[in-house]
Amino acid sequence: MAKIHSLQEAIRENVHDGDTVALEGFTHLIPYAAGHEIIRQKRRDLTLIRMTPDVLYDQMIGMGCVKKLKFSWGGNPGVGSLHRLRDAVEKAWPQPLEIEEHEHAGMAVAYAAGASHLPFGILRGYLGTDLLQHTTAKFIDCPFTGEKLAAVPAIRPDVTIIHAQKADRGGNVLLWGIVGAQKEAIMAATRSIVTVEEIVDKLDAPANSIILPGWILSAVVPVKHGAFPSYAHGYYARNNAFYKQWDGISKERESFLAWMEKHVMNTKDFDEYLQLLGMGGAQ
Amino acid sequence: MAKIHSLQEAIRENVHDGDTVALEGFTHLIPYAAGHEIIRQKRRDLTLIRMTPDVLYDQMIGMGCVKKLKFSWGGNPGVGSLHRLRDAVEKAWPQPLEIEEHEHAGMAVAYAAGASHLPFGILRGYLGTDLLQHTTAKFIDCPFTGEKLAAVPAIRPDVTIIHAQKADRGGNVLLWGIVGAQKEAIMAATRSIVTVEEIVDKLDAPANSIILPGWILSAVVPVKHGAFPSYAHGYYARNNAFYKQWDGISKERESFLAWMEKHVMNTKDFDEYLQLLGMGGAQ
Amino acid sequence: MANTAESYTSDEMMTVAAARMLKNGTSCFVGIGLPSAAANLARLTHAPDTILIYESGTIGTKPNVLPLSIGDGELAETADTVVGIVEIFNYWLMGGKIGLGFLGAAQIDKFANINSTVIGPYGKPKVRLPGAGGAPAIAASCGEVLITLRHSPKAFVEKIDFRTSGGHMEGGDSRQKYRFPGKGPTAVITDLGVLTPDPVSKELILTSVHPGVTTEQVVAATGWKLQVAADVKTTPEPTALELQVLRDLNERTAKAHAGQA
Amino acid sequence: MANTAESYTSDEMMTVAAARMLKNGTSCFVGIGLPSAAANLARLTHAPDTILIYESGTIGTKPNVLPLSIGDGELAETADTVVGIVEIFNYWLMGGKIGLGFLGAAQIDKFANINSTVIGPYGKPKVRLPGAGGAPAIAASCGEVLITLRHSPKAFVEKIDFRTSGGHMEGGDSRQKYRFPGKGPTAVITDLGVLTPDPVSKELILTSVHPGVTTEQVVAATGWKLQVAADVKTTPEPTALELQVLRDLNERTAKAHAGQA
């Protein structure tokens with residue numbers, strides 16, 4: 001059964017320098033609080049995995065936590081580039097960033113293969129694209145039709161971290177809305193942390209809800225508003241304005257560092273960070 | 001958008017002699033009404049697919065509709081053998097029955113491959129079993145680790161038929177509870193029929209419910225109690241006593257034929273059949 | 001195990017002995033029939049936090065009556081979550097999340113390979129059984145496997161007619177070459193006693209007889225030359241509590257399954 | 001198209017022209033940005049039964065404001081159903097259920113192959129773009145594909161810096177050898193006009209210019225020697241209704257996205 005932890009403790013115990021870490025979330029339920037705690041604890045040489053690295057990974061890359069990024073779409077959705085990601089790729093600041101690039105379909109299949117304990121997954125993909133020169137996919141022949149199919153190596157993170165709406169006291173987690181590849185990422189990982197908006201006595205989940213039983217999780221952590229500026233369906237909306245502001249904050253190294261110093265490094269936890277932003281509602 | 005049909009019409013238009021047909025359902029939501037209508041319309045030379053052929057397939061086999069069966073577990077759950085299936089396999093009555101046998105994991109993966117339009121699916125399976133001599137699985141080598149994995153050809157039925165709890169007037173279907181491989185079977189098929197307990201104005205489905213949009217279905221048919229003696233979660237329970245009675249009814253060819261004649265061939269539809277059984281509640 | 005009951009059947013002893021093998025808190029993939037009865041008895045006695053999983057996709061289920069089928073509504077209603085078949089096999093079972101698999105069988109050989117497919121030749125069967133279902137994946141993928149079936153020379157055979165699921169294969173370390181993720185069968189619980197594989201040869205050895213059963217009886221009921229452990233034990237009798245819980249469960253079950261049609 | 005509006009921007013003309021390409025009732029896999037605006041305009045005007053699908057797993061979504069991201073809550077709240085990423089790509093997109101894919105691009109070549117990965121060399125990029133996302137699978141698997149982007153010599157290039165998604169590949173019947181399930185791009189809609197592939201060579205040909213735009217302008221804005229159809233048409237102007245619906249949509253959207261933080 002998953003122990004209910006503090007976030008500091010959960011990150012300390014489960015995320016180590018050099019680990020392969022997936023902080024998954026497809027626009028919705030991005031685990032910002034957990035990512036900030038990794039930055040605060042100054043983890044280094046991480047290999048980050050996510051289909052859609054966005055502002056959180058921009059922050060982690062800019063703060064020097066990341067050695068390698070495996071992804072299929074990296075941007076500030078609807079706004080533009082991730083300046084820290086670009087600075088790392090284009091100018092090796094604050095350090096070189098190795099990238100392994102995929103298409104969404106390949107990442108999705110690779111997560112499913114990881115969750116299924118298979119060494120690889122198959123799809124009609126990568127073919128006819130220049131991704132082939134920069135990815136780990138190979139081709140295999142169908143033993144029945146002779147058709148050529150792409151094989152992508154399974155994703156097996158050392159630790160997967162996601163945010164969800166709620167958990168009960170046994171650490172059983174319920175999430176809903178846009179759920180991305182979060183279940184697969186959790187089930188593919190050796191260790192797993194789930195931050196949740198709240199701990200409740202009873203989940204009261206409808207039939208066939210997406211539930212992660214506590215016994216497959218390493219740690220469950222209550223962090224109210226823990227996905228801000230992403231959102232938690234049924235709790236708070238996506239703060240699109242913040243995503244737009246990030247473009248300005250992150251454009252220059254100096255403004256980025258000053259912002260991170262003030263908002264992340266000099267706050268003791270996510271709650272203090274939210275207060276600093278005037279998000280009193282998170283109390 | 002799926003047209004709301006009568007069952008007679010839906011079967012007439014979508015199920016032809018010689019077709020490959022999956023009437024899926026994993027104990028729950030077995031599409032009995034649709035199967036009986038296929039028997040009434042005297043379809044012949046069908047290749048039936050189902051992970052768990054039970055009493056309905058026993059009836060279809062005994063009535064001479066079936067040329068071949070592809071399956072992974074064939075029995076009367078908790079009761080014993082399917083006598084008509086055994087009679088066909090062991091004594092070729094009423095005609096020889098070709099069988100293609102799998103393990104559940106292989107069928108599940110084959111349905112998922114069919115839904116994904118892939119020629120095959122992969123799993124760690126079949127290895128070390130005598131199934132290998134009687135199935136269509138082959139082995140492939142992992143291009144990354146060299147490991148040997150089983151490949152099973154995708155299932156692509158000409159038509160898949162399932163039963164579900166409800167549909168709205170646009171033919172969007174909602175099902176819940178034990179849902180087996182029904183979604184995959186529908187999405188793998190060229191044509192599809194869904195019988196439902198009721199047609200409602202609005203599905204009122206919780207987030208992330210299992211919904212089959214009307215635009216991917218060929219026909220939606222309201223048939224109250226259409227899964228009897230299987231069950232529809234939230235509507236009526238499994239009639240375990242009927243499953244036990246079936247053992248006696250089906251043991252001998254004569255008693256089987258007499259029962260089918262009276263209950264299926266001489267009733268005009270499933271409603272009349274239910275009335276004959278004293279299931280007045282189905283009105 | 002203070003209170004022993006006056007009398008009990010050999011089936012009850014089998015179910016109780018099998019139930020005792022479950023450690024509390026284990027995730028357990030359960031076959032229908034004897035395994036299901038034993039696993040639920042364990043959950044209702046010494047192992048309340050056992051996580052029962054049926055291949056119908058019901059995870060963490062706590063049925064009040066034993067299911068007749070693998071997909072009874074009772075299993076879904078009392079589950080922590082219900083997932084589809086593709087998910088339960090891919091992500092949970094073959095995905096390596098399950099600690100213990102609990103299987104029945106029609107035939108078993110000395111290396112705990114099992115047959116649930118056919119008696120006689122496959123093409124001309126004497127008895128056509130239901131087939132593999134989830135058993136091969138359970139036998140290959142769970143951390144370990146328990147098997148429970150009634151003892152008879154027809155069931156415990158030198159050579160099974162069909163290998164449906166792999167146990168210790170050809171014995172010794174032969175299972176390893178198949179690269180199955182799980183370590184295979186660790187005990188076979190019958191109505192006469194308990195057999196466990198020799199650590200090296202992996203041949204099943206009689207290590208415990210149920211009260212009132214002699215080793216000779218078990219040897220006679222086994223179709224191969226059964227090896228008997230030097231220190232063969234006697235299975236402790238069912239306690240009054242175990243018997244009461246089992247009988248209540250069976251009574252509730254009989255009532256529930258008769259109540260319709 | 002009786003009522004034409006007094007004035008409109010070239011972006012409005014582009015969105016309206018793209019929207020008109022959607023047939024009512026089509027299942028349409030929509031990229032964020034221009035494709036999303038056009039698809040929703042179609043849904044709010046002539047194609048109310050269009051089924052919009054975003055790669056975030058939102059199927060049959062009917063957003064009241066345009067999403068800023070591919071996974072805005074608005075998309076989930078107004079969807080017929082929301083599925084996971086593995087399912088949307090495997091069963092729906094690559095599973096062949098989608099009639100039309102609607103993509104944007106940073107660069108495009110004469111065979112409608114597109115780049116959304118990088119400007120300059122991959123290892124030493126001048127501009128690092130977001131990357132492939134779902135585009136390669138959309139381009140390969142949908143029944144047909146529409147592409148919409150603004151016209152400029154930097155976007156319409158002889159040779160794209162990176163082939164992110166396959167259009168008509170090397171032209172002619174070369175797409176066939178890749179065995180992509182879908183038939184590829186059928187139109188490219190820009191702020192200057194509409195380009196469609198020649199039935200045989202598959203090279204993009206200017207077949208329609210927007211009102212007030214000359215063919216010379218379009219040729220000048222294209223980085224390869226653009227072929228012009230003999231009977232090049234003029235795109236009908238946006239109707240008053242189209243413009244009003246689009247402007248209302250954009251206004252609601254701007255208000256919604258500014259309203260936080």
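- A donor-acceptor contact shorter than 3.5 Å links the side chain of A:Ser230 to the backbone of A:Leu29.
- Between chain D and the residues A:Gly177, A:Gly128, A:Gly75, A:Pro77, the largest count of heavy-atom pairs under 4.5 Å involves A:Gly128.
- Contact count against chain A (heavy-atom pairs under 4.5 Å) is highest for D:Gly131 among D:Ser141, D:Gly57, D:Gly131.
- For the options D:Lys177, D:Lys124, D:Arg179, D:Glu87, heavy-atom pairs under 4.5 Å to chain A are most numerous at D:Arg179.
- Between A:Trp176 and A:Tyr235, the ring planes lie tilted relative to each other; the angle falls in the 30° to 60° range.
- Both the backbone and the side chain of A:Glu147 come within less than 4.5 Å of a heavy atom of chain D.
- Note: A:Gly78 leads A:Pro229, A:Gly78, A:Ala112, A:Gly80 in heavy-atom pairs under 4.5 Å with chain D.
- Across A:Pro53, A:Gly74, A:Ala108, the residue that shares the most heavy-atom pairs under 4.5 angstrom with chain D is A:Gly74.
- Among the candidates D:Gly166, D:Ser165, D:Gly73, D:Ala140, the residue making the largest number of heavy-atom pairs closer than 4.5 Å to chain A is D:Gly73.
- Using a 4.5 Å cut-off between heavy atoms, A:Tyr231 touches chain D through its side chain atoms alone.
- If you check the side chains of A:Gln59 and A:Tyr32, you find no donor sitting under 3.5 Å from an acceptor.
- One distance of note links CG of A:Leu212 with CE of A:Met187; it measures 8.0 Å at 0.5 Å rounding.
- Among the candidates A:Ile49, A:Thr52, A:Val152, the single residue satisfying the side chain to side chain contact (heavy atoms under 4.5 Å, CB included) test with A:Met107 is A:Ile49.
- Most heavy-atom pairs under 4.5 Å with chain A, from the set D:Phe162, D:Phe180, D:Phe89: that is D:Phe162.
- When heavy atoms are compared at a cutoff of 4.5 Å, A:Lys91 does not approach chain D at all.
- No side-chain donor-acceptor contact under 3.5 Å links D:Asn113 to the backbone of D:Asp109.
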